[in-house]
Structure formats: structure tokens, C-alpha cells
Amino acid sequence: MEKINNVTEFVFWGLSQNLEVEEICFVVFSFFYMVILLGNLLIMLTVYTGKLYKTPMYFFLSYLSFVDICYSSVTAPKMIVDLLAKSKTISYVGCMLQLFGVHFFGCTEIFILTVMAYDRYVAICKPLHYTTIMDWDRCNKMLLGTWIGGFLHSIIQVALVVQLPFCGPNEIDHYFCDVHPVLKLACTDTYVVGVVVTANSGTIALGSFVILIISYTIILMSLRKHSAESRRKALSTCGSHIAVVIIFFGPCTFMYMRPDTTFSEDKMVAVFYTIITPMLNPLIYTLRNAEVKNAMKRLWGRKVFSEANGK
């Protein structure tokens, strides 16, 4: 059967149909997006200028911040503009690109968080072999693996959607193009595609979450053998990671570990992993990490000193 595609653009319903609510959301999410950009850029700048990137944990943290900026930028600017727009439209090609970007950067973030958990496991459970295991070559290979994994996942998602026929309606009850809302508009049976999508996304989200929980459980159990000071430092770092994992994976698991169905709560849940988590990451990692805070103080100290001397 030949594919029929009469749809050249999609129309978003957005977060709300209430004009006053949309205006409030415009102010709030504009602020959130600025915090995401400035906060994550500050972490990247701090890691680079403080030469913290020579340590694997901060090497991966800087890339996590970069992915957070890219991830939120796929959806947030369009959503913010649409909050004040009368017609919230996106082209078919733009929709597919947005779908690709959301899953590419989202999956890459999942894999980076998993790699960061492995780094903490080696550092705490195998400290004598840490420099050997987490050498520069292995760190680069693991980082490359996160990007390749994210790319393969997103290509599968997009390939499943683009081969479907769309002949109307073209209204998406969401504020960005995601797989489940778009599948509802296809004018063919999408049961098999929905199962494959759920298996693909759900396996990655739930599988990585289980691996992370097991990793941090082993880490916390091994801390009983360490001194009080070592436990305090390790718990401070791991506490940051665990907080990020819970905030990010909770909503993701809710969204993608279920059949091809949509709920009215989906839009608000999606806000957590597309905007709230990228915004909280810099705060969580800086407020609970003494080394990052000290590097930031040195960075700002140099800037103030330079300005005072007119350089």
C-alpha cells in the first residue's frame, strides 16, 4: 500500500488554552531557560578554566552540562515563543527533527549519567585501580559510546514514525513532537510501532535506571568500610548523582514504560525531564560539590582582580 501523507505541518495545543496562564508560563519558562543556559555554561567554564576536566568525574560533568543545554534547546525556545503565539505550528520536517533531537540528547544524557555512576563505582570501590581503569583513552571511548548510543536510539524512533502515513487531523496535544502524541495522528494501525517504541525507549530508561540503582546501592554498602571523612565526601558526590537520577528517570519511566497511550498529565510530566532537570543539574552539582564551588570562587576571584586592575 502506498504511503499517503497530506500533512505538511502540525499544530500544537501547547501547555494551556488559557491566555493568562500562558502569559505566566512565558515569564516562568523564560526564566527557567535562562537559568539552564547560564548555569550549565558556568559549569562548563568552571571545569575548563579550573582544569577539572583532567578528572573523569568533571570531564563527564562538563559534557552532561553541554547535553543539558542542547536537550532543553530542542523544545524550550519553541515552547516559549508559542506561549504568546496565536498559531502554534511546526512543519512536518521540523517535527521529525525535534523528535530526533529530543530522543538523541535525552538518550545521550541517560548514558552519560550511567557512565558517571560507573566512574563513582570505580573511584569508591576500586580506588587503587582508579587511574588505570578510568584512563584518558577509556573516558573518551565511553563518551563516544554515549553519543553513538543516543544516535542509534533516536534514528530508530524517527524511522518508525516517518514511514507512517499522515492524512489528518494534524493537531498534537502537546508542546513538542514526541513519539506517542504523533503516533495518535497516523491514519493507520500503529499498534506494532507503539510496541517497538515502548520496547526501545522503555528498555533504555528502565534498564539504565535499574543499573544506576544497583550501582549506587553497591557504592553505599561499600562506604561502610571507609572512614567518616571519606564517607562524607563520597556521600556528597553520590547524593548529587542520585538526586539527578531520580528527578530525570522518574518522569522518563512514566512516559516511556507504557503502551502507546497518552494522558492529560503527560505535558506537565514532560516539563520535568525537558526543562526542570536541565535547570536543576547545575544547582545540584555546585551546591553539593566543594571542589566545583572552590573552582568557581577562583574563577570569579580572577575576574574581579582583572577588572580591578583594568585588564
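Numbering of residues begins at 1 and proceeds along the displayed sequence.
- For the pair Leu64 and Met116, the tightest heavy-atom approach, listed with the atom from each and the gap, is CD2-SD, 4.0 Å.
- The ring of Phe249 has its center closer than 6.0 angstrom to the ring center of Phe209.
- Remark: Phe272 CZ is loosely packed, at most 12 non-hydrogen atoms of other residues, nucleotides or ligands lying under 6.0 Å away.
- Below 30°, between 30° and 60°, or above 60°: for Tyr48 and Tyr53 the angle between ring planes is below 30°, a parallel geometry.
- A distance of 11.0 Å separates CD1 in Ile211 from CD1 in Ile110, rounded to the nearest 0.5 Å.
- Counting only distance, with no hydrogens or angles, the side chain of Ser62 and the backbone of Phe59 share a donor-acceptor pair below 3.5 Å.
- Residues Tyr92 and Asn170 bring no donor and acceptor atom of their side chains to less than 3.5 Å of each other.
- The local environment of CH2 in Trp147 is crowded, with over 12 non-hydrogen atoms from other residues, nucleotides or ligands closer than 6.0 Å.
- Every side-chain hydrogen bond (donor to acceptor under 3.5 Å, both in side chains) that Ser201 has, sequence neighbours left out, goes to Gln157.
- No donor-acceptor pair closer than 3.5 Å links the side chain of Glu109 to the backbone N or O of Gly106.
- The hydrophobic clustering, which links ILVMFWY residues whose side-chain heavy atoms are closer than 4.5 Å, places Leu99 and Trp13 apart.
- Of the inter-residue distances, the one linking Tyr130 atom OH with Ile124 atom CD1 reads 10.0 Å to the nearest 0.5 angstrom.
- Residue-environment remark: OH (Tyr216) exceeds the threshold of 12 foreign heavy atoms within 6.0 Å.
- Cluster membership for Phe12 and Val81, using ILVMFWY side-chain heavy atoms within less than 4.5 angstrom, is not shared.
- Hydrophobic clustering keeps Leu15 apart from Leu19 (ILVMFWY residues linked when any side-chain heavy atoms are closer than 4.5 Å, directly or through intermediates).
- No hydrogens or angles considered: nothing links the side chains of Ser16 and Tyr175 as a donor-acceptor pair under 3.5 Å.
- The shortest non-hydrogen separation linking Asp173 to Lys267 is OD1-NZ, 3.0 Å.
- Here Leu212 contributes atom CG and Thr217 contributes atom OG1; the two are 10.5 Å apart, rounded to the nearest 0.5 Å.
- Between Phe100 and Phe104, the angle of the ring planes stays under 30°, which puts this pair in the parallel group of the 30/60° scheme.
- Contact annotation: the side chain of Val11 never approaches that of Ile172 to less than 4.5 Å [non-hydrogen atoms, C-beta and beyond].
- Going from atom CZ of Arg120 over to atom CE of Met57 covers 4.5 Å, rounded to the nearest 0.5 Å.
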Legend entry - Test log, rule side chain to side chain contact (heavy atoms under 4.5 Å, CB included), inputs Met134 and Met142: CA-CA 10 Å; Met134 298 298 294; Met142 287 194 292; 3.3 Å; yes
Enumerate, atom names and distances included, each donor-acceptor pair closer than 3.5 Å involving a side-chain atom of residues 26-44, sequence neighbours excluded.
residue: Ser30; atom: OG; partner: Phe26; partner atom: O; Å: 2.6
residue: Tyr33; atom: OH; partner: Ser73; partner atom: OG; Å: 2.7
residue: Asn40; atom: OD1; partner: Ser65; partner atom: OG; Å: 3.4
residue: Asn40; atom: ND2; partner: Ile36; partner atom: O; Å: 2.8
residue: Asn40; atom: ND2; partner: Pro278; partner atom: O; Å: 3.1

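- Phe111 contributes atom CZ, which lies 11.0 Å from atom CD1 of Ile148 (distance to the nearest 0.5 angstrom).
- Outside the 6.0 Å centre-distance limit, the rings of His153 and Phe151 are not counted as a close aromatic pair.
- Annotation: side chain of Met79 is not in contact with side chain of Asp82 (no heavy-atom distance under 4.5 Å).
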